[in-house]
Amino acid sequence: MRVLCGLWFNLRRLSDVSLLGTFRRPLSSDAMRLVQFCRKGNEGGIRVGVDHEQSHGVIDLKAFDPSMPPTMREFLELGQKGMDCAQRALSSGQCIVPHSDIKLLSPVTGPDKVVCVGMNYKDHCLEQNAPIPTEPIIFSKFPSAITGPYDDIMLPNKSQKVDWEVELAFVIGQKGKHIKEEEALSYVAGFTVANDVSARDWQMEKNGKQWLLGKTFDTFCPLGPALVTTAALKDVHNLGIRCLVNGGVVQDSNTNQLIFKTEKLIAWVSQFATLYPGDVFLTGTPPGVGVFKKPPVFLKRGDVVECQIDEIGSIRNTVVGQEPLDPHRAVRRFRPVLKLRER
């Protein structure tokens with residue numbers, strides 16, 4: 001009988017593996033703020049850390065346990081093993097690096113996908129006199145759009161209508177497909193703040209009015225400052241959410257205005273695509289974007305955009321001039337001049 005029970009359990013476990021790519025068990029963690037960082041002067045040396053509030057520093061997980069990988073995506077792929085290590089490190093209070101010695105990066109870089117949701121705040125729909133969607137409106141950004149919580153936003157040469165969008169974002173912590181809504185939160189590694197920077201001319205007027213190109217210019221997805229675990233939040237669907245431009249409030253709402261909440265979005269998208277650790281979801285923006293102001297207002301060089309969500313934190317990005325010319329193009333451009341001079 002024991003042999004039969006053991007055989008049944010192993011077959012069931014193999015079935016779970018074949019369906020989900022890994023044995024599914026709820027990803028659990030204590031209240032933590034996970035970060036991705038590098039030491040100042042060593043921008044190539046990416047590390048995963050846990051914010052240690054009491055010491056005003058970050059615990060370097062790889063210094064605490066050399067078996068830990070350097071990037072957040074790899075860390076999340078460890079599943080519960082990684083979370084358990086982070087919890088032990090936080091309890092130990094060891095291997096702390098002062099905030100003054102580090103640069104915070106986006107909590108996740110190089111995800112498999114960045115999933116975005118349009119028209120997902122009731123008050124944002126009212127702002128546009130648009131009907132409330134009956135199904136999530138899904139689009140995407142290229143992962144190369146991701147930038148850090150305090151990095152610059154580059155105005156692209158090809159757009160004159162760059163806009164802001166503060167958003168609640170979450171990151172997937174384990175692989176899954178056809179995820180049930182009631183189990184969806186167990187697939188979330190944590191929540192963070194995003195700015196879904198948008199080129200409205202490319203979103204609304206060009207490219208057949210497909211949204212992708214208007215959303216995916218380089219630096220158009222600032223994320224941060226940390227990946228905050230669900231246990232650290234009282235109610236992620238009842239948090240104040242704001243955007244400020246040059247210190248003035250332009251968006252001010254609450255995540256209780258979300259039409260489709262975290263669980264629904266995960267269940268919906270996982271019907272179509274397998275979700276992987278590190279995948280980023282941007283859940284939509286509240287009212288107050290520049291394109292719907294009268295007259296419309298767009299970002300210009302020197303503007304400072306700050307996106308805030310209660311209990312999670314804030315990101316602050318300065319808008320800089322047009323992206324620099326590709327140096328290889330510059331060489332080609334001036335090569336004929338150099339040849340004339342050689343003659």
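As a basis for the values below, the full set of heavy atoms in this structure was taken, side chains included, without hydrogen atoms, waters or symmetry mates. All figures in this text were calculated on a predicted structure; none of them were measured in a lab.
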So does [Y] get a backbone contact from the side chain of [X], meaning a donor-acceptor N/O pair under 3.5 Å?
X	Y	value
Ser186	Glu183	yes
Glu167	Gly284	yes
Asp252	Gly240	no
Asp201	Gln160	yes
Lys141	Ile146	no
Ser140	Val115	no
His237	Thr262	yes
Lys113	Thr274	yes
Trp164	Gly288	yes
Gln36	Ser106	yes

Starting from Phe260, can I reach Val166 by hopping between I/L/V/M/F/W/Y residues whose side chains sit under 4.5 Å apart? yes

Quick check: do Phe292 and Pro287 have side-chain heavy atoms less than 4.5 Å from each other? no

Quick check: do Asn317 and Tyr150 have side-chain heavy atoms less than 4.5 Å from each other? no

[Y]/[X] salt bridge by N-O under 4.0 Å criterion:
X	Y	result
Asp101	Arg39	no
Lys81	Asp84	no
Asp151	Lys103	yes

Shortest non-hydrogen separation from Thr71 to Glu74 and the atoms involved: OG1-OE1, 2.8 Å

Using the side chain to side chain contact (heavy atoms under 4.5 Å, CB included) rule, pick out the option among Thr285, Leu265, Ile137, Leu168 that qualifies with Asn120. Leu265

Using 30° and 60° as the class limits, which term best fits the ring planes of Trp202 and Phe217: parallel, tilted or perpendicular? perpendicular

Show your working on side chain to side chain contact (heavy atoms under 4.5 Å, CB included) between Val117 and Ile138 and close with a plain yes or no. CA-CA 5 Å; Val117 188; Ile138 303 299; 4.0 Å; yes

Determine whether more than 12 heavy atoms belonging to other residues, nucleotides or ligands lie under 6.0 Å from atom NZ of Lys180. no

If you round to the nearest 0.5 Å, how far is CG of Asn42 from NZ of Lys40? 13.5 Å

At what distance, to the nearest 0.5 angstrom, does OG1 of Thr283 lie from CD1 of Ile241? 6.5 Å

